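Since we're looking at a predicted model, the values are computed, not measured. Order of the sequence lines sets the chain letters (A, B, ...), proteins ahead of strands, with each chain counted from 1. Computation of the quantities below employed the complete heavy-atom set of this structure, encompassing side-chain atoms and omitting hydrogens, waters and symmetry-equivalent molecules.
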Amino acid sequence: MITAELFLKLFQQCKTGKCLTQLHSHTIKSGLTHNTLFAAKLVELYSNFTLIQTTRKLFDEMPHRTVYIWNLILKCYYREKNYKESLVLFSQMFSSQKPDLYTIPIALKSCAVLKALEFGEIIHGFVKKSDGIGTNLFVGSALIEFYSKCGEMDNALCVFEEYPVPDTVIWTTMITGYEQNNEPKQALEFFSQMVRAQQNVLDPVTLISVVSACVQMLNINVGRSVHGFMIRFGFDNVLSLSNALLNLYGKTGFLNYAANLFKTMEKKDVISWGSVISCYAHHGSGKEALDLFDMMISKGIEPNVVVLISALQACEAIRNLEVGKRIHEIAARKRFDLNIMISTALIDMYMNCSSPYEAINVFERMQVKDSVCYSNLLCGCHHNGMWYKSMEIFKNMLASEVKPSSVDMVKIFTVCSELGVLQYTSCIHGFAIKLGVENNSYLSASLIESYAKCGSLDDSIGVFNGIKDGDVVIWSSVFAAYGLHGKGHEALELFNQMIKHTPIKPNDVSFVSILSACSHAGLVKEGIDTFNMMVNVYNQNPNSKHYGIMVDLLGRIGELDKAMEFIEQIQGPVGANEWGSLLGASRIYQNTQMGEVAARKLVELDPNQTGHYILLSNIYAVDEKWDNVAEVRKVVKERKLKKVSGQSVIELRDEVCSFIANDRSHQNCELIYELLMSLEGKMKEECNVNSMDFSLHEA
DNA sequence: ATAGGGTTAG
């Protein structure tokens, strides 16, 4: 006859839940009477195997339950992440038992996860009333964790102060609390107090939280001393600590620190690799990131979603389409290609590698689409100059009830400007108001610009007048709006109003707008005065854009020599803006000599820009220098440069006529030009389509 | 019997 005692011993030998269940059914068959001790042991064993249903059944059948049994069942539900049931049982427990030291932390942790502030506060009240519990360190750390997870660091601090000699865990809980409530400064302050109070008692868990706080503050100094602690205390084999430091070095851009630590690490996991790859990808070392990625693969480490995303960012940064496609294949093979973040990273990569249709393809295959992927797709189409596609995406975005961000709105207003369709601008303006998109000065400025570029200066001014406290961004956009419409005097008048009657100081953008307004209106003297004011009164260093406008200003009235002199006196490098303006003026006044100088400089500055070669070739052609023409064409061929076709778009009511005019089909160009000329007057009246860019010969 | 963290990404 097997006794109950023997069965208990056998139960304890069970290594699996299945074994326990079988043995248990055997005892029922043998008709062994259950006593409380027997049941309690079973509850304990079942709960260890997290067999919740069986545990619960036994628990419910018990006539008498000790606090220990209650604790077991509470912990069982807690481990199963059924925090709600754990708290329900905790409430029931009160009718028969008093919770003890072990019960309280479990219940508080459930409250912490559920952010059940009131429930936890009741438990805290109970702790205060009960003798002995309030001084227990486990209860203390649970209370601190509870308050910090509920975002109540002041209350956490009150609890902390009840402990005259806090242990490492209590200290760490406070540090983590501050770190996770975005108070990294406080976290570091507590860490230094802890080091002072505890001297050499440190452990890796504490250090991980400290490093997280350093990441938030981008504080490399404390991070370096944590690295020192790590070596001194022999924690260098703690992978998660090393990884946390790698992350810190990555976020702060200390590539050499990251590389050195990575080299010395004996154990590395996929997170270690991911951290360094991301570090290189984000700090201009895309090539090194991809080399590391290859090395990781060759070592047989399986890349996860995160590593693939970092590798895609590296491809994006250095525009390596080939490797990007290879990573796309790896992702597809591992069935990651439907993952929303992988897809978004793929969209970004393809967009930046000038493959927008591949990006759109990825987007269309996505099963779940959120605001980020819409936004990035929109941004990418905008980046690639696909205005109609951008508009289509924006419409789909609204149809999918994805709320556009203010950045998306700025982008779409730029699209409206590029398309020059006033109806789009006013319609989307209405949307923005109706949807309650967060309004900031960049949004208003882009709206002002868009109305102006679509030909309605009145609407621009209307928006401007509706803004009470416009900042420098908004004022600058109005100067630009007047400038676009050739109203230089009005722009200057507003500019003077701003500097005399508001505390707003003009910035570099303001001067770009106002100088360009002067240039477009032929206000040479005013332009030069304003330029001098920028330098002498506002102590602003002119940039390439300002110089370019000044060259344009002089060039437009035919003062080519003065424009050249102006360029010659520029200190520092001369960019495409300056030479581009000079080239434009040279063409108007048919000065091929100067045009050649400017075009040669442009080719030098950006040897991959096909347009520059064509301009240079055209200049030689005008001078009938056919040898030079052939030479330029040869370079284009050798470099395998492709021409991008110029596009002209006419929108007539709802009918969109799009004509592609590249410089070979002169027939087409002339046809469109004639069509535009005959339609322009009519369209202005009837369709409000005023913005026309007839740059047909600049393919 | 019980505790503090878990890092890389759109």
Which nucleotide in the list [options] gets nearest to the side chain of [X]?
X: A:K75; options: B:dT2, B:dG4, B:dA9; answer: B:dT2
X: A:K149; options: B:dA3, B:dT7, B:dG5; answer: B:dG5
X: A:P105; options: B:dA1, B:dT2, B:dT8; answer: B:dT2
X: A:F138; options: B:dG5, B:dA9, B:dT2; answer: B:dT2
X: A:V307; options: B:dT8, B:dA3, B:dT7; answer: B:dT8
X: A:Q180; options: B:dA9, B:dG5, B:dT2; answer: B:dG5
X: A:I208; options: B:dG6, B:dG4, B:dA1; answer: B:dG6
X: A:T168; options: B:dG4, B:dT8, B:dA9; answer: B:dG4
X: A:S209; options: B:dG4, B:dG5, B:dA9; answer: B:dG5
X: A:V306; options: B:dT7, B:dG4, B:dA9; answer: B:dA9

Quiz item: Any sub-3.5 Å donor-acceptor pair from A:E145's side-chain atoms to A:A112's backbone N or O?
Solution: no
Quiz prompt | Donor-acceptor pair, side chain of A:N181 and main chain of A:S148, under 3.5 angstrom | solution = yes
Could you state the atom-to-atom distance from [atom1] of [X] to [atom2] of [N] in whole Å?
X: A:I73; N: B:dA1; atom1: CD1; atom2: P; result: 19 Å
X: A:L143; N: B:dA3; atom1: CG; atom2: P; result: 16 Å
X: A:L239; N: B:dT8; atom1: CG; atom2: P; result: 13 Å
X: A:D203; N: B:dA3; atom1: CG; atom2: P; result: 14 Å
X: A:N243; N: B:dA9; atom1: CG; atom2: C1'; result: 15 Å
X: A:L101; N: B:dA1; atom1: CG; atom2: P; result: 14 Å
X: A:K268; N: B:dT8; atom1: NZ; atom2: C1'; result: 16 Å
X: A:N247; N: B:dA9; atom1: CG; atom2: C1'; result: 11 Å

Quiz item: Given the side-chain rings of A:W273 and A:F262, with only the six-membered ring counted for Trp, is the space between their centroids under 6.0 Å?
Solution: yes
Contact class for [X] vs. all strands (heavy atom < 4.0 Å): base, sugar-phosphate, or nothing?
X: A:I340; result: base
X: A:E44; result: nothing
X: A:S212; result: nothing
X: A:D348; result: sugar-phosphate
X: A:T173; result: sugar-phosphate
X: A:T344; result: base
X: A:A142; result: nothing

Quiz prompt | Option passing side-chain hydrogen bond (donor to acceptor under 3.5 Å, both in side chains) with A:T206 (candidates A:T173, A:T172, A:T168) | solution =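 Of A:T173, A:T172, A:T168, side-chain hydrogen bond (donor to acceptor under 3.5 Å, both in side chains) with A:T206 is met by A:T172 alone.
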Exercise. Would you verify whether the NZ or CZ of A:K41 falls within 45 degrees of the ring axis of A:F11 while also being under 6.0 Å from that six-membered ring's centre?
Key: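 Pair A:K41/A:F11 does not count as cation-pi.
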Quiz item: Is A:S278 near enough to B:dA9 that one of its side-chain N or O atoms lies under 4.0 angstrom from OP1 or OP2?
Solution: yes
Quiz item: Taking only side-chain nitrogens and oxygens of A:K251, does any of them come within less than 4.0 Å of OP1 or OP2 of B:dT8?
Solution: yes
Quiz item: Got a donor-acceptor pair under 3.5 Å from the side chain of A:S240 to the base of B:dG5?
Solution: yes
Quiz item: Is the ring centre of A:Y68 under 5.5 Å from the base ring centre of B:dA1, and are the two planes under 30° apart, so that they stack?
Solution: no
Exercise. Would you say whether A:Y102 stacks on B:dT2? The test is a distance between ring centres of less than 5.5 Å and an angle between planes of less than 30°.
Key: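 Stacking between A:Y102 and B:dT2: absent.
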Exercise. With salt bridge (Lys or Arg N to Asp or Glu O under 4.0 Å) as the test, would you mind laying out the steps for A:E329 and A:K325 before giving the verdict?
Key: CA-CA 6 Å; A:E329 279 165 23; A:K325 280 186 174 166; over 6 Å; no
Self-check item: Contact summary for A:C14 and A:C19, nearest pair of heavy atoms
Solution: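 Scanning both residues completely, I find the closest heavy atoms to be SG-SG, 2.9 Å.
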